[in-house]
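To start, the structure itself, in structure tokens.
Note that the structure is a prediction, hence the values are computed from the model and not measured. Here is how names work: the chains are called A, B, and so on, in the same order as the sequence lines, proteins then strands, and each is numbered from 1.
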Amino acid sequence: MGSIFRSESMTLCQLFLSSEGSYNCVSEIGEIGLVQFRDLNPDVNAFQRKFVHEVRRCDEMERQLRYLEKEMQKDSVPILDTGENPEAPQPREMVDLEATFEKLENELREVNANAETLKKNALELTELKHVLNITQHFFKEQDSEPNSSITQNLLPAEEGKGSVQLGFVAGVATRERMPMFERMLWRVCRGNVFVRQAEILEPLEDPVTGDQVHKIVFLIFFQGEQLKNKVKKICDGCRATTYPCPETSKERKDMGQGVRGRLDDLNIVLNQTTAHRHRVLAAAAKHLRTWFIKVRKIKAIYHTLNMFNLDVTNKCLIAECWIPYADLGRIQEALRKGTDKSGTSVQPILNRMETSVKPPTFHRTNKFTRGFQTLVDNYGVASYREVNPALYTTTTFPFLFAVMFGDAGHGFIMLLFAGWMVLREKALIASKMSGEIWNIFFGGRYILLLMGLFSIYTGTIYNDIFSKSFNIFGSNWHMGHNATVKNLSFTEALTLDPYYRDEYIGDPYPFGFDPIWQVSINKIAFQNSYKMKISIIIGVVHMLFGVILSVVNQAFFMNTLSFVFEFIPQMIFMLGLFGYLCIMVFHKWIHYGSGPEFSVAYGSSCAPSVLITFIDMVLLKSEEPLPGCNQWMYDGQYTVQVVLLILCVICVPIMLIPKPFVLRSRHNAKMRAQSHLATIHEEEMGETSDAHEEEEEFEFSEVFIEQAIHTIEYVLGTVSHTASYLRLWALSLAHAQLSEVVWNMVMKIGLSQSSNVVGSIMLFLIFAAWACLTVSILILMEGLSAFLHTLRLHWVEFQSKFYKGEGYAFAPLTFKHIISGEEEE
Amino acid sequence: MNMKICGPKCSLCCTLISAWGIVQLGIMGILFWVRSPAFIEDLKIDDSIMHPAEVDIHGNAKRYLEAMDDSFHTIALNCWIAALLYIVTLFLSGWQLWVNNRISA
């Protein structure tokens, strides 16, 4: 029977599948996600497994799909997500998919390469255009005749010396390289070259990286062959591209026009290439997600098939799997569907096996309980069929959180946030928001909802809403005979004594704290006493509940030994000491009070301290009472306390000693019985039989030490864990004080103003600041802190009383995470 | 009509704070108007009235009570005016939220 009370009962099965039907059967099983397969070939290398080729093909397909995805993201093509769940395609369809992907990849690579080449050409032409423009600009000043050459001699040829011809080189270099280039030219050519440069105003796109680079056009004038060679070599070395620039301005004009024409053509071709690429990507984007899911499903199926064993006849595959006993019908249904789809007539056989291996732990959870189950599992997965603490955590966790959080206003805001997440659940899941912090909050939305609700409840009990109290029933404290105008003029603080019935009416406020405490000076002293006592009471109740849950486990596993020698002494110890403490607290609350109805011995001056009484009980001391007071709270208290103390002391050796001895004698009896059987067997058959089936090792010292550790942990734990529950008091005090400080330091400044104009503007601004501080410090930070402490109380103080947590989680083959698109490791 | 002043996060934040401010300041205004003693520590009373120099018992007490009433009244009006300002802010940030939705959609 499955429920959240206990984990499901699992059974180990052997599955016989025919080779043809195995693929489809595994596909169907993956869809329902209820079967965990065991790896039957653990020592086989990944490269030697049966279906390694198919897995390799799937990997290749996934790589191609990822390449496509990257290209789509580069072009910002939206990938469609229809939310459909395609089935894993048949093996023969894999070939079609492979062909499609390969074609797409090749096409895309080709288009990309072409675009790169085109861009490179365009860049060269653009640079050439700029070079021509700038040289035009340089030589404009001196060109009177359009046909004169730049290199024409300005000086008349001298007699005896040859004519002097100036050559020049034009080119483009990056702006960053320019200073180095100039310096190199200066040094190498010994200052005999003349450089003119001008910046290209618009940045040009680098074809490879796509960055925008600034470039500079330069013109180098030199004389003679040697300098020309040097200049050319330096240009190559500094990676400056040179362009042939014609000397006459008419030729330059013609070249410029030609360049412009070619550039226009090139741009048209480039645009068409980009448009084509975009079309290809858009067409593929419609199917990309479906393809991803299909490929991942195929890979998962082949990974699973790799875990199977091949039968001797090579006709069928054998698998071992864990399935929940309750789902046997559903799995057989799935197997039938799979074999029908594959078209074979051989039905698969599901055979149950007996085993002593511990099965995995499977809790069936719904969207509400899943959050709490995660909290418990993070400490340790429950042992097989152990009682599940997550069921009780659904209530105790928000309650203990609320005791520490205790403010109705903050709880209300938490409730609003969690309520929004819960009501818009479906829309938020569909929108697939990423971000780890958001996922944490969204996954715990039901926990947050309950925490908010419970916090509103404890906020009304503590009568605290944003550090103010609300007065519903009318306070039970009044201004009595001491509150005269004369007294009030002279004292800053008036003490209201609960003894006088005109100051305190004698009955408590109907629900929660009296609202007057919030405006009183000694609020903390009063609240401390109350909160400490209820922390201890809640702690003892919680821990007793944990001990009682261990009985449920012991009854289920029929562990009478533990019941007698662990549960009973544990209960007596806890109840005898700390249960008695709680009873004393209640006794004092009921019988001691302030007012004329109580006699002096039961009045406020004679009320004994519960803690001192408890310490005296353990140390067997007794104190002298004050005059007029009783020594004991009730008749026979001394005898009762001594009896309880002796009982508790006896419990310690009962927890420690008997169990290991009993276990040892049981083990010895079993060994004797087994060897007895073996000798009988030997006599009958006349042959030596082999060793026993199971050699159970029994180290007495180990068992004894383990028992000692458990005993010490429990006995010391009763004291330390009970004190640990005082954090319920500490955190609620801190929260209340922090809330008050934020109000007094921030909001009060905005409120206590005397003018209307200035006051309202200040209030308007300060309220926003107060709201931000409330949300960030009081709700987020304090909420996180209280959450953590509650978690610790559950994990350590509660669960150490009964929880083993030594199981392993049920990890079925399921396609759910493939469909939701989570990344696989 | 489509001008964007602040981004999506800022406008959402401002809308939520404005809504919260209207509700809370409205309620606080009512509570101050009916002179709820829970807010007694938030009042603004002049120091000369809080700690009077002369001993005039009944006069001092009367002045103190009048100052308390005045302060309650003033702060109540302040709360309501601030609530009105938050209504304006709600409209502005709501409009920005709508503009941001249109830009991203």
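Closest approach of B/Ala61 to A/Val485, counting heavy atoms only: CB-CG1, 3.8 Å. Between A/Cys772 and B/Ile17 the shortest heavy-atom distance is SG-CD1, 3.8 Å. Annotation for B/Leu43 and A/Ser752: closest pair O-CB, 3.8 Å, computed over non-hydrogen atoms. When all heavy atoms are compared, the tightest approach of B/Ala38 to A/Ser469 is CB-O, 3.7 Å. In this structure, B/Ile57 and A/Lys486 approach most closely via the heavy-atom pair CD1-CG, 4.2 Å.
Interface remark: A/Met747 contributes side-chain atoms only to the contact with chain B (heavy atom separation under 4.5 Å). In this structure, the portions of B/Thr74 lying under 4.5 Å from any heavy atom of chain A include both its backbone and its side chain. With a threshold of 4.5 angstrom between heavy atoms, B/Cys13 does not approach chain A through any atom at all. Neither the backbone nor the side chain of A/Leu488 comes within less than 4.5 Å of any heavy atom of chain B. Heavy atoms of A/Phe466 lying under 4.5 Å from chain B belong exclusively to its side chain. In this structure, the portion of B/Leu25 lying under 4.5 Å from any heavy atom of chain A is its side chain and not its backbone. Proximity to chain A is limited to the side chain of B/Thr89, based on heavy atoms less than 4.5 angstrom apart. Proximity to chain A (any heavy atom under 4.5 Å) is restricted, for B/Phe32, to the side chain, taken from C-beta onward. Contacts between B/Pro37 and chain A at a heavy-atom distance below 4.5 Å involve the backbone alone (N, CA, C, O). Looking at A/Ser467, there are no atoms closer than 4.5 Å to chain B (heavy atoms on both sides), in backbone or side chain. Neither the backbone nor the side chain of A/Ser475 comes within less than 4.5 Å of any heavy atom of chain B.
Residue A/Phe442 places its CZ atom among more than 12 non-hydrogen atoms of other residues, nucleotides or ligands, all under 6.0 Å distant. Within a 6.0 Å radius of CZ in B/Phe91, other residues, nucleotides and ligands contribute 12 heavy atoms or fewer. In this structure, A/Phe417 places its CZ atom where more than 12 heavy-atom neighbours from other residues, nucleotides or ligands lie under 6.0 Å away. Environment of NE2 in B/His58: sparse, with no more than 12 heavy atoms of neighbouring residues, nucleotides or ligands closer than 6.0 Å. Within 6.0 Å of CZ on A/Arg501 lie more than 12 heavy atoms contributed by other residues, nucleotides or ligands. In this structure, A/Phe441 places its CZ atom where only 12 or fewer heavy-atom neighbours from other residues, nucleotides or ligands lie under 6.0 Å away. Around atom CD1 of A/Ile440, more than 12 heavy atoms belonging to other residues, nucleotides or ligands sit under 6.0 Å away. No more than 12 heavy-atom neighbours from other residues, nucleotides or ligands sit within 6.0 angstrom of NZ on B/Lys44.
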Legend entry - Trace of the side chain to side chain contact (heavy atoms under 4.5 Å, CB included) decision for A/Lys468 with B/Asp42: CA-CA 11 Å; A/Lys468 298 285 165 199; B/Asp42 295 320; 3.5 Å; yes
Legend entry - Pair B/Trp20-A/Val775, side chain to side chain contact (heavy atoms under 4.5 Å, CB included): steps then yes or no: CA-CA 12 Å; B/Trp20 180 3; A/Val775 169; 3.7 Å; yes
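Most heavy-atom pairs under 4.5 Å with chain B: of the set A/Val757, A/Asn756, A/Val519, this distinction falls to A/Asn756. Comparing B/Gln24, B/Glu41, B/His51 by how many heavy-atom pairs each has under 4.5 Å with chain A, the most go to B/Gln24. With chain B as partner, the option from A/Leu763, A/Leu751, A/Leu765, A/Asn744 having the largest number of non-hydrogen pairs under 4.5 angstrom is A/Leu751.
Classified by interplanar angle (parallel below 30°, tilted 30° to 60°, perpendicular above 60°), the ring pair A/Phe764/B/Tyr86 is tilted.
Put simply, OG on A/Ser754 and CG on B/Asn78 are 9.0 Å apart, with the number rounded to the nearest 0.5 Å. Separation of atoms CD1 (B/Ile27) and CD1 (A/Ile465) is listed at 8.0 Å; rounding is to 0.5 Å. A/Lys748 contributes atom NZ, which lies 12.5 Å from atom CZ of B/Phe39 (distance to the nearest 0.5 angstrom).
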